[in-house]
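Here is the structure we will look at, set down as structure tokens.
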Number of protein chains: 2
Amino acid sequence: MASSVPDRLTPRAREIVTAAREVLESEGLAALTMRNVAARLGIRAPSLYKHFPDKDALEAAIISDGFIEMAAEFEAAGAAATLVDLAAAYRAFARAHPHLYRLMTDQELRRDLLVPGVEDGAALPVYLAAGEDADRARAAWAFAHGMTMLELTGRFPPGADVEAAWDAGLRAFTAR
Amino acid sequence: MASSVPDRLTPRAREIVTAAREVLESEGLAALTMRNVAARLGIRAPSLYKHFPDKDALEAAIISDGFIEMAAEFEAAGAAATLVDLAAAYRAFARAHPHLYRLMTDQELRRDLLVPGVEDGAALPVYLAAGEDADRARAAWAFAHGMTMLELTGRFPPGADVEAAWDAGLRAFTAR
DNA sequence: GTCTATATCAAGATAGAC
DNA sequence: GTCTATCTTGATATAGAC
């Protein structure tokens, strides 16, 4: 069933965000330029500025979508999802969208440009799964983020058992 | 007491690395350009290419130094250092040299350009402190890296108790 | 070891016409 | 909503003289 929630963006702006997302995911962050986004739509870069004030605004639109989708993945894990469940969803999201993940998490965040509430929407399930212990939730998030980044950047040595490292960390965080 | 180990670099190359390191640490990764490095030495960018084949080689020299210094910090924590001790040293290093830390850890690593062994030299103390359990060592590293990056990029919400999050994670990893 | 001159490329953004 | 033309800036790197 299709969603009937009205889009926060105009139809043309939505097309631009879609194109930008495609450029990002297929060619990486360095390729996310106004020229490349425009080219994917068959237009010229200056035309984009009639729909977004600058590149930061376009990036923020992509990032907001990312948080909304991440929150949806967490919700799909169920209201009773454990930290282990959420870690699996988190890792799957990052592996499915590695460049988007880095855009969302690996730099300063222009919160003033985001759709209000999207960051909290993704964080809340983790907080709940951590027994409403904010410190534990942040530590578990840091572990997942660290594993994800080291995995995405190829920092573990060749032959390292990444699955086993995830398991070892999750065991630590869920031991009693 | 001064070290008597002969430098792997020529004297002029060492001066260039020092200048590059100063640019990086004081102005950030985006400012680490051949022009800026040269300017700090009072020369022009093309002159640098008589000492380093390209920018990647210069960056690799900085990164190699970083690993050597990180290993030295771990050694200063003693042969019986625990994961908690090493985490404190790791965090202190990252906070003292945030831009260097990101250069070292937050991207693909050109291992072919590094001084051989420097990466392992920094990793070994963690492996030992983790009871020679490679999976546990990698998980603990990921936690420390994730906390460090989230801290450096300002991703925790204002008012978050970062110390408490570190403690919560370290407690998890050292619980029995 | 450093210089000038230059090649090459590419980025974000604006003005103003259509 | 898109265009062309342009501004401004700045990056890595090479050739060849001194």
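Chain letters run A, B, ... following the sequence lines, proteins first and then strands; every chain starts at 1.
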Using a cut-off of strictly less than 4.0 Å, decide whether R44(B) has a side-chain nitrogen or oxygen near OP1 or OP2 of dG1(C). no

Pair Y101(B) and Y90(B), ring centroids less than 6.0 Å apart: yes

DNA chain C: 5'-proximal contact among N36(A) and K50(A) (nearest heavy atom): N36(A)

Nearest heavy-atom pair of I16(A) and V37(A): which atoms, and what distance? O-CG1, 4.0 Å

Return no unless some side-chain N or O of R35(A) is found under 4.0 Å from OP1 or OP2 of dA11(C). yes

What's the CD1-P distance between I43(B) and dC18(D), to the nearest Å? 20 Å

Are more than 12 heavy atoms, taken from residues, nucleotides or ligands other than R12(B), located less than 6.0 Å from that residue's CZ atom? yes

Atom pair distance, as rounded to whole Å: OH in Y49(B) and P in dA15(D): 13 Å

Send over the distance from M34(A) CE to dC7(D) P, rounded to a whole Å. 21 Å

Interatomic distance, D56(B) CG vs dA13(D) C1' [rounded to whole Å]: 13 Å

Which part of the nucleic acid, if any, lies within reach of K55(A) when heavy atoms closer than 4.0 Å are counted: base, sugar-phosphate only, or nothing? sugar-phosphate

First encountered from the 5' end of DNA chain D, between P46(B) and S47(A): S47(A)

In a check of side-chain contact (heavy atoms from CB on, under 4.5 Å) between F67(A) and each of D120(A), V115(A), V118(A), which one passes? V118(A)

How close or far is atom C1' of dG1(D) from atom CD1 of I16(A), stated in whole angstroms? 10 Å

Let me know the distance between CD of E15(A) and P of dG1(D), rounded to the nearest Å. 9 Å

